[in-house]
Protein chains: 4
Amino acid sequence: MATGSQPPPERLRERFRIKNILYRNALAEFVGTGLLILIGLGLHMVHVLSKEKINTHFQAQVGWGFAVAFPVYVTYHISGGQLNPSLSAALFTLGKINMKEFVVYVIAQIAGGFVGTVGVYFLYLDQLKHFQPNERSVSGLVKHADCFIPFPSAHVSNITCFFDALVGTALLVFFIIAILDKRNRVPTGIHPLLFGFVVTMTAMAYGMNAGVPINPAKDIGPRILVGMLYGNQVFSYHSYYWLVTLFGSLLGGISGAWFYLFTLGMHVPELPIVERELTEESKKLLPREA
Amino acid sequence: MATGSQPPPERLRERFRIKNILYRNALAEFVGTGLLILIGLGLHMVHVLSKEKINTHFQAQVGWGFAVAFPVYVTYHISGGQLNPSLSAALFTLGKINMKEFVVYVIAQIAGGFVGTVGVYFLYLDQLKHFQPNERSVSGLVKHADCFIPFPSAHVSNITCFFDALVGTALLVFFIIAILDKRNRVPTGIHPLLFGFVVTMTAMAYGMNAGVPINPAKDIGPRILVGMLYGNQVFSYHSYYWLVTLFGSLLGGISGAWFYLFTLGMHVPELPIVERELTEESKKLLPREA
Amino acid sequence: MATGSQPPPERLRERFRIKNILYRNALAEFVGTGLLILIGLGLHMVHVLSKEKINTHFQAQVGWGFAVAFPVYVTYHISGGQLNPSLSAALFTLGKINMKEFVVYVIAQIAGGFVGTVGVYFLYLDQLKHFQPNERSVSGLVKHADCFIPFPSAHVSNITCFFDALVGTALLVFFIIAILDKRNRVPTGIHPLLFGFVVTMTAMAYGMNAGVPINPAKDIGPRILVGMLYGNQVFSYHSYYWLVTLFGSLLGGISGAWFYLFTLGMHVPELPIVERELTEESKKLLPREA
Amino acid sequence: MATGSQPPPERLRERFRIKNILYRNALAEFVGTGLLILIGLGLHMVHVLSKEKINTHFQAQVGWGFAVAFPVYVTYHISGGQLNPSLSAALFTLGKINMKEFVVYVIAQIAGGFVGTVGVYFLYLDQLKHFQPNERSVSGLVKHADCFIPFPSAHVSNITCFFDALVGTALLVFFIIAILDKRNRVPTGIHPLLFGFVVTMTAMAYGMNAGVPINPAKDIGPRILVGMLYGNQVFSYHSYYWLVTLFGSLLGGISGAWFYLFTLGMHVPELPIVERELTEESKKLLPREA
């Protein structure tokens with residue numbers, strides 16, 4: 001592999017490598033978000049279909065953490081492993097990506113989320129047919145929709161849903177931006193794992209009101225398929241709470257990033273010169289400089 | 001980002017960076033402890049409000065670990081990420097911070113804890129209104145207070161509460177001081193994660209008597225709000241056990257640090273010269289040298 | 001240890017070290033897979049024998065993760081710690097191992113799996129005699145077989161079993177190949193731990209249909225012993241689903257590896273020259289160059 | 001701290017540092033094993049006293065992992081953090097410690113285990129008085145003893161107990177010796193954490209027969225106190241199974257270490273010269289060279 005003729009994968013790489021960085025990153029965002037949903041929605045479905053017997057709430061929280069961590073590991077040095085429109089929105093306001101990149105990435109993320117949902121749907125079709133929702137089903141009117149998307153309880157107002165999405169996403173993006181800040185010296189090799197743990201933590205702390213609406217790609221993709229399968233009630237349910245959480249999440253992502261910058265990021269001591277050069281590689285997160 | 005025009009965050013940094021190190025560190029302790037409570041109390045509330053269905057004891061223990069780990073990650077290179085008056089007290093007796101710093105940090109920590117509590121209160125207000133405490137509620141007389149603070153069982157004496165707080169905090173601070181000791185060569189990049197695991201471990205081993213009273217900021221902030229909401233019984237309950245655990249915790253923090261020094265810290269072999277220089281950066285923990 | 005007389009293990013090493021790399025690697029695959037089964041099947045048995053009381057589904061999922069991680073840690077620098085015929089098949093199609101190595105490793109893996117199963121059987125013989133399968137037993141007709149191998153539910157078709165095995169193994173191998181790709185810069189020292197977490201994640205997301213058939217060595221070894229103990233129904237059950245998942249898993253492993261290469265692997269930016277040399281040691285994964 | 005007058009801890013260190021390496025290491029083994037029991041037995045007690053409500057089996061398994069990991073972190077560079085007579089026995093047969101060291105360390109470990117048990121006893125005395133053992137108590141005849149030590153079920157023979165202890169300890173020591181082997185290139189900074197995960201894994205796979213008898217110090221210390229409190233039945237119960245597991249564990253530790261050496265350790269490829277020198281520091285594990 002090091003000397004002489006190259007192995008097949010290296011030869012293919014020379015021929016098929018995508019040179020356009022925007023397209024390459026969009027592909028990474030599409031594949032990464034698709035995997036995130038294929039894994040995360042898969043384990044959520046086991047959670048609901050087994051009536052919390054095989055996958056409890058704890059497993060769902062830890063599982064979503066892994067479902068974020070590993071897709072980020074494999075896209076981190078390509079597109080930065082954003083995989084979340086709210087994070088991309090924050091990076092756009094920070095000047096890390098431009099408007100064109102933002103729009104393309106978000107489309108790729110939502111498309112990936114939809115394709116991942118279709119995959120999960122077919123893998124659990126036998127189980128869905130067999131499943132009888134019981135009294136725990138929150139949205140009784142929308143048959144089987146609980147298997148795809150979480151719904152808020154009736155006694156939770158949309159104002160609470162909005163702030164729940166805002167604070168949850170703000171926490172997520174606050175910690176991601178802080179961990180990416182090279183002055184905080186968090187080893188790059190464990191960034192994706194820590195991002196996953198942050199997701200788990202946020203789901204533990206703010207998972208009760210509206211089902212952790214901290215990633216719009218995780219919501220829109222499945223919701224479109226559910227709408228196609230079970231009708232538009234999935235959009236109008238609970239006074240269009242899904243739009244409320246969507247805006248809450250986008251605003252939360254932007255708020256979290258800037259709250260970090262003003263309260264902590266601007267005040268972290270500068271790195272010693274020697275370290276600053278060593279961590280120049282952390283700029284690889286920024287897609288345009290890849 | 002490295003050459004040419006700087007991105008917005010870097011330009012803002014040059015203008016708004018706080019030069020006074022004491023104020024800067026106090027801000028970090030305030031924000032860090034606020035986040036710690038916003039996360040930790042949030043998941044504790046899900047634990048109680050869902051009657052241990054969504055968040056079990058295990059999740060609460062693991063969640064508190066993350067609730068400590070991530071706020072420490074983002075404040076570690078500013079104020080050292082103390083976020084706990086008992087740890088600050090130990091660092092003061094070790095000569096790592098002076099009296100002025102100690103007082104300012106503790107005030108910042110308690111203020112952060114209170115603001116975090118207010119945030120949690122509003123995010124779970126809909127759920128609190130809907131909540132019916134059941135027979136498991138320890139402190140039946142204090143309505144809904146269990147959602148904010150844990151209470152000891154009736155059959156646990158205040159002497160046990162005192163030693164529970166002392167031993168729990170001693171364990172926590174013992175391991176934190178040991179991990180910070182550069183002679184033990186624990187990689188800096190995983191310190192905050194290990195601190196979080198120590199919290200989880202302590203909660204597992206000593207969470208039954210008095211609800212893990214190992215961080216006074218986690219107790220005082222919420223208790224003030226609960227007192228304002230539900231009356232002063234929250235202070236007088238169980239013969240003022242909260243003051244007992246408060247003193248136990250502060251004494252435990254100091255004891256744990258010095259117990260480490262006398263039994264192990266003084267006897268760890270010196271680092272080889274080359275390594276000693278490489279780990280000079282670990283001094284960054286000490287706020288005054290930042 | 002470094003100077004003067006060598007300790008006993010070092011002297012033995014000089015005398016007994018196996019020089020033939022193929023034999024050495026086959027021994028590592030045999031021992032590693034044996035340990036994987038000794039641990040993983042042991043905890044699965046506790047799961048079933050205690051009727052999910054001592055080991056819940058969550059513990060089984062986390063435990064299988066460790067059961068993969070640690071055997072990989074100890075064989076990683078010998079044979080690459082493949083321990084899974086589907087992964088070996090993928091490495092073969094990638095040109096990392098040749099046909100002879102592939103055949104020898106798979107035989108070693110299955111033999112290790114069988115010997116590990118025998119060990120578990122004897123350690124839990126007292127408990128197996130005492131065990132009364134209850135109504136939860138899926139395959140009622142095959143006495144005690146649930147203790148050794150998972151069975152699909154009656155309402156799950158073999159087509160679903162095939163795609164369940166294919167997608168589950170594809171996810172596993174996709175992430176393993178991606179983590180091994182030196183351009184993704186995942187620190188070598190945590191590779192085995194991450195492989196274990198990928199197993200846990202896959203079990204969470206796709207553990208409901210057919211019991212996570214992502215490693216044929218984990219299936220064939222135990223199935224042979226169960227066939228010897230309880231009769232051939234264990235093979236014919238559910239229209240020979242085990243053959244269906246076997247082919248699904250092998251095809252999934254190959255698909256996962258190549259899907260990674262085409263969607264992400266070919267497009268990851270090249271390493272800077274200095275890093276490329278530092279990570280040359282990652283080639284140690286490739287057995288033939290050891 | 002680096003320049004000018006030294007902080008108090010550094011000045012104390014110069015005066016009180018123990019120069020005799022054997023005594024120093026014995027103190028570390030005593031303190032480390034004491035902490036291991038203070039934490040591990042504490043969480044086991046919560047497991048039993050809360051009737052598996054606060055600490056489930058899973059928490060006990062994970063908790064024991066941490067209870068090993070952190071005491072090893074703080075003693076690793078002093079005595080190697082052995083904290084287990086079966087591991088010390090293995091290190092003795094490998095020529096890493098001599099007979100005198102072995103005897104002194106084991107005495108220190110058992111003494112630490114006893115002192116830790118006394119601490120746990122007093123911290124949970126209120127709870128022990130309040131506790132009513134229910135029908136789940138295995139050893140009905142020995143009042144409250146289940147809070148301190150696990151007992152095998154009646155239907156498990158002593159032969160099974162012997163092999164359970166042997167295989168469990170062999171797994172533990174096999175992986176510890178393998179991780180310590182510098183040729184396997186496991187980063188030193190995560191060794192203690194991995195040792196803890198190995199304990200969790202072993203408890204998951206072999207925790208059903210005899211309660212994970214893989215560390216005699218964890219058994220003898222508590223058993224002595226229980227004998228003093230509740231009578232000698234704790235020794236004679238189940239035909240003196242505790243002696244059976246004691247010998248099984250010691251033999252298992254030695255077997256695990258040598259099994260590793262013969263099957264894998266002797267065959268791991270040598271490190272490149274440059275790396276070999278960098279990892280010379282891993283020799284610090286060996287107490288006599290500290």
Side-chain angles (χ1 to χ4, degrees), chain A residues 52 56-58 61-62 93-96 152-153 155-157 159-161 163-164 167-168 171 174-175 177-179 181 183-187 189-190 193-194 197-198 200-209 257-269 271-272 275 280 283 286 289, chain B residues 1-2 7-9 12-18 24-25 27-28 30-32 35 38-46 49-50 53-56 58-60 62-63 66-67 69-71 73-78 119-120 122-127 129-130 187-190 192-193 281 284 290:
Chain A
E52 306 183 13
T56 63
H57 283 275
F58 196 3
Q61 293 162 351
V62 171
T93 67
L94 294 176
K96 304 272 185 185
S153 302
H155 64 270
V156 173
S157 73
I159 294 169
T160 297
C161 284
F163 283 104
D164 192 73
V167 170
L171 282 173
F174 180 100
F175 286 113
I177 298 293
I179 288 166
D181 187 339
R183 293 186 183 93
N184 284 322
R185 307 179 208 186
V186 185
I190 59 169
L193 203 57
L194 294 181
F197 289 162
V198 171
T200 298
M201 177 181 80
T202 309
M204 283 172 165
Y206 294 99
M208 196 182 183
N209 283 324
W258 286 92
F259 186 72
Y260 167 72
L261 281 177
F262 275 94
T263 58
L264 301 178
M266 284 173 190
H267 318 302
V268 195
L271 291 176
E275 275 195 62
E280 283 294 280
K283 280 183 304 182
L286 310 172
E289 298 170 23
Chain B
M1 192 169 175
L12 287 166
R13 178 181 167 92
E14 278 161 29
R15 281 182 58 188
F16 293 111
R17 193 174 170 198
I18 300 173
R24 188 198 71 185
N25 290 355
L27 178 63
F30 172 77
V31 172
L35 289 168
L38 193 68
I39 299 160
L41 189 57
L43 63 91
H44 173 75
M45 210 158 263
V46 175
L49 289 171
S50 73
K53 190 162 170 34
I54 298 183
N55 278 3
T56 63
F58 196 3
Q59 277 150 291
V62 171
F66 287 144
F70 286 102
Y73 260 119
V74 300
T75 56
Y76 191 75
H77 290 288
I78 302 177
V120 176
F122 281 109
L123 280 162
Y124 282 108
L125 194 53
D126 286 356
Q127 305 274 9
K129 284 176 188 159
H130 185 75
T188 316
I190 59 168
L193 203 57
E281 56 103 50
K284 282 284 158 33

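Proteins get letters first, then strands, A, B, ... in listed order; numbering begins at 1 in each.
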So which residue, [options], ends up with the most heavy-atom pairs under 4.5 Å with chain A?
{"options": "B:Leu123, B:Leu27, B:Val31", "value": "B:Leu123"}
{"options": "B:Leu49, B:Leu125, B:Thr75", "value": "B:Leu49"}
{"options": "B:Ile54, B:Leu193, B:Val120", "value": "B:Ile54"}
{"options": "B:Gly63, B:Pro9, B:Gly40", "value": "B:Pro9"}
{"options": "B:Met45, B:Gln59, B:Arg15, B:Lys129", "value": "B:Gln59"}

Under 4.5 Å heavy-atom distance to chain B, tell me which part of [X] shows up: side chain, backbone, both or neither.
{"X": "A:Val62", "value": "neither"}
{"X": "A:Val156", "value": "both"}
{"X": "A:Leu194", "value": "both"}
{"X": "A:Val268", "value": "both"}
{"X": "A:Thr56", "value": "neither"}
{"X": "A:Leu261", "value": "side chain"}
{"X": "A:Leu171", "value": "side chain"}

Legend entry - Closest contact, heavy atoms only, A:Tyr260 versus A:Ala178: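 The answer is CE1-CB, 3.4 Å.
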Legend entry - Between A:Thr200, A:Val198, A:Asn184, A:Leu264, the one whose heavy-atom pairs under 4.5 Å with chain B are most numerous: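 The option with the most such pairs is A:Leu264.
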Inset, instruction - Just say parallel, tilted or perpendicular for the rings of B:Phe16 and A:Phe262, cut-offs at 30° and 60°. - result: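 The rings of B:Phe16 and A:Phe262 sit tilted, inter-plane angle from 30° to 60°.
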Inset, instruction - Measure the acute angle between the ring planes of A:Phe259 and A:Phe174, then classify it against the limits of 30° and 60° as parallel, tilted or perpendicular. - result: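 Aromatic pair A:Phe259/A:Phe174 classed tilted.
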Legend entry - Exceeds 12 heavy-atom contacts within 6.0 angstrom, atom NE2 of A:His155: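 Enclosed: over 12 neighbouring heavy atoms sit under 6.0 Å from NE2 of A:His155.
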Legend entry - Exceeds 12 heavy-atom contacts within 6.0 angstrom, atom CZ of A:Phe163: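 It does not: A:Phe163 CZ has 12 such atoms or fewer within range.
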Legend entry - Short side-chain to backbone donor-acceptor contact, B:Asn55 and B:Val46, under 3.5 Å: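 No, because the side chain of B:Asn55 does not come within donor-acceptor range (under 3.5 Å) of the backbone of B:Val46.
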Legend entry - Check: A:Gly265 main-chain N/O paired with B:Arg13 side-chain donor or acceptor under 3.5 Å: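 It does hold such a pair.
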Legend entry - Region of B:Pro71 in contact with chain A, defined by heavy-atom distances below 4.5 Å: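 It is both, since atoms from each part get that close.
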Legend entry - Which atoms of B:Ala67 approach chain A - backbone, side chain, both or neither, heavy atom under 4.5 Å: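 Just the backbone, heavy atoms under 4.5 Å.
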Inset, instruction - Using a 4.5 Å cut-off on heavy atoms from C-beta on, say whether the side chain of A:Phe175 contacts that of B:Ile39. - result: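 Yes, side chains in contact.
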Inset, instruction - Could you tell me whether the side chains of A:Asn209 and A:Thr160 share a donor-acceptor contact shorter than 3.5 Å? - result: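 Judged by distance alone, the side chains do not pair up.
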Legend entry - Atom pair OG1/CG of A:Thr263 and B:Leu35 - distance to nearest 0.5 Å: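 Atom-to-atom, A:Thr263:OG1 and B:Leu35:CG are 7.5 Å apart.
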